[in-house]
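Following: one structure in structure tokens, then a few remarks.
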Amino acid sequence: MSEATQVGAAEPPRPGERSRPPVPAQQQAPPQESARGLPEPGATTQPLPVVRAERRPAPDGGSSSAEPAVTAEVDEHAVPQLAEGISLCGRYEGAGYTEPRFLIARADGQMVLMSELLYLVTAQIDGRRDLREIARRVSAACGREISPPGIGYLIGDKLHGLGVAALHEPVAETPHADPLLTLALRGVLLPARVVRPLAAVLAWLFLPVLVVAVVCAMVVADVALLSSGALDPAFHSSVGDPLQVLALVLLLISSTLFHETGHAAACHYGGGRPGAIGVGIMLIFPAFYTNVTDAYRLNRASRLRTDLGGLYFNAIFILGATGLFWATAFPPLAVFIVLSHLQMLQQLLPLIRMDGYYILGDLVGVPNLFGHVRPMVRKWLGRARPGEDTGAELRPRVRLLVTCWVAVVVPVLLFAMVMLLFRVPRYLGTALTRGHDYWVSGLAGFAQGQVLGGVLAVFSLLVLLLPWIGGVAFVIRTGRKIGRWYRRKRPRYVPRHAAPATRNRLGLRIS
């Protein structure tokens, strides 16, 4: 399924990351993302493609008190302005929070999850009403008195920081979700204008009677294939044959693209507007994605259908491959069926932003599970920030589930990262050796007129390089985040004569 926060953000690619407490801003056409990585060619036992869904998260407005503290004088006749392209999306259905949450879509496609009070304030900003009129309307809507200075504080301190509205200065730079474990080096394969008509054509496949029929047929087909004894000969025949390996790679790529159209079709079936289908690198693996961030404004059942739509289309593709195998006995088809089942199981793992992550997020009603990792870890280490009540905004059962998820994910990802770094030298040596072999094999194949073998060798070499490109991108991204954190902790000293002047109302410099 596709990269978001869930709620996640949207294009440029549920991860978007289908990008949650930062919640992705959703709009009429915000997308979500799913992705599947490409398999390394050359052997059927190499790593499987990653299929993931991403909705990139956007800032979370959190909760605001009925009468926030006001630290400066506010002109009650000031007229606030909404940022360009803001769209009200309504209540976030199936939320796991103690208080309701509402969605705002920004022009950049990101969804913002915010409290009811902030949503009411946003709904009353039309470019003509001043703070006094907005305060009167919001007070009547929420049933408690909100003063004009309080409204001014919410707009200037909260909504402005979320890129939603401004009181005095226009919104110059909106905050963007930038999760670490998301797609890098992404590019668009099919733009939204192509994906949406395609999704509309395929949406009928989600009729309940067809879904039940496909699932039952796949179970019958799997049992028949396992009992036939054809799998072992198929694996032995496929390994080492360039034509069959290339056919297997093409089947996996085709299945992955069909998986992504499944997310888009499911989003359309539920009433959402899917975005583009593209490709990127998830950590070190190539991956396709579909932007379906718009699914955040749907109800929980429709979001789950979008999450599972890719797996359902995998099942349809497997049925077609099974029929072809019984008709042709082409060995790569049987190998592909086995690898496709393994891919489907891989996608259900909720450890990174793959389909399983978004399925879990939609089940518990928390769109950005990774947004809870840092505060919970700080709490466990005894370094919680002053006034930070981690998980207090979640319902008790949801808080327990999220806590258990964090307790599992953090050590697993840390262990995987340490093991990866520990084995990098060995992997690098193997990659150099195999890369040299592919290069020599490709040159020899073209020299001897074996074009197919040469093409397969070159393709294998390119796929071999992709994880290292992704690894470098991940290291650079991590370094930038560490650098930004260090600069926040240790800001550079600027001499007073070189700093911008701050002046009071009389024009006198005060700093």
Side-chain angles (χ1 to χ4, degrees), residues 1-20 22-35 51-58 87-96 101-106 109-113 177 182 192 195-196 198-200 202-203 205-206 259-278 288-313 347 350 353-369:
M1 207 174 184
S2 352
E3 229 160 34
T5 357
Q6 276 167 320
V7 172
E11 286 274 9
R14 121 161 344 208
E17 208 128 347
R18 294 170 189 251
S19 299
R20 295 183 171 187
V23 170
Q26 254 179 341
Q27 190 179 17
Q28 270 185 329
Q32 174 179 320
E33 309 176 353
S34 306
V51 180
R52 101 192 157 103
E54 169 186 281
R55 302 176 204 162
R56 286 187 305 156
S87 175
L88 304 178
C89 298
R91 185 166 179 165
Y92 177 61
E93 300 292 340
R101 288 291 191 273
F102 293 81
L103 289 169
I104 296 287
R106 293 196 322 221
Q110 292 209 346
M111 298 295 272
V112 180
L113 191 67
T182 187
V195 173
R196 287 170 189 157
L198 180 62
L202 297 175
L205 291 171
F206 287 91
H259 171 100
E260 302 310 320
T261 62
H263 290 303
C267 182
H268 178 88
Y269 184 86
R273 298 187 67 195
I277 292 177
F288 290 103
Y289 69 84
T290 303
N291 192 322
V292 288
T293 305
D294 197 50
Y296 282 121
R297 66 181 180 85
L298 306 179
N299 58 32
R300 184 184 308 201
S302 296
R303 294 199 305 270
L304 286 170
R305 184 190 297 113
T306 303
D307 298 338
L308 293 166
L311 295 173
Y312 172 58
F313 268 43
Q347 294 172 53
R353 296 178 191 273
M354 296 190 295
D355 290 359
Y357 171 84
Y358 297 108
I359 292 171
L360 177 61
D362 283 327
L363 284 174
V364 301
V366 179
N368 185 17
L369 291 171

Taking all non-hydrogen atoms of both residues into account, name the closest pair between [X] and [Y] and its distance.
{"X": "Tyr312", "Y": "Leu205", "result": "OH-O, 2.6 Å"}
{"X": "Gln347", "Y": "Leu311", "result": "OE1-CD2, 3.3 Å"}
{"X": "Pro274", "Y": "Ala192", "result": "O-CB, 4.4 Å"}
{"X": "Leu369", "Y": "Tyr357", "result": "N-OH, 3.0 Å"}
{"X": "Leu298", "Y": "Cys267", "result": "CD1-O, 4.1 Å"}
{"X": "Ala203", "Y": "Ala265", "result": "CB-O, 3.9 Å"}

Fill in: Derivation of the side-chain contact (heavy atoms from CB on, under 4.5 Å) call for Thr306 and Asp362
CA-CA 10 Å; Thr306 303; Asp362 283 327; over 6 Å; no
Worksheet entry | Heavy-atom check, side chain of Val112 versus side chain of Leu103, under 4.5 Å |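 Side-chain contact under 4.5 Å: no.
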Worksheet item: Should His268 and Phe206 be marked as a side-chain contact (heavy atoms from CB on, under 4.5 Å) after you check the CA-CA gap, both sets of side-chain angles, and the distance that decides it?
Response: CA-CA 10 Å; His268 178 88; Phe206 287 91; over 6 Å; no
Worksheet entry | side-chain contact (heavy atoms from CB on, under 4.5 Å) between Leu88 and Ile104, worked out | CA-CA 5 Å; Leu88 304 178; Ile104 296 287; 3.0 Å; yes
Practice prompt. Mind checking the CD-CZ spacing from Glu93 to Arg300? Nearest 0.5 Å is all I need.
Written response: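 Result: 9.5 Å between the selected atoms.
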Practice prompt. Measure the spacing between NE2 of His263 and CG of Leu308 and express it to the nearest 0.5 Å.
Written response: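 Rounded to the nearest 0.5 Å, the NE2-CG separation comes to 8.5 Å.
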Worksheet item: For Leu363, what residues pass the side-chain contact (heavy atoms from CB on, under 4.5 Å) criterion, not counting sequence neighbours?
Response: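 Testing Leu363 for side-chain contact (heavy atoms from CB on, under 4.5 Å), a comparison that skips the adjacent residues, returns Leu304, Ile359.
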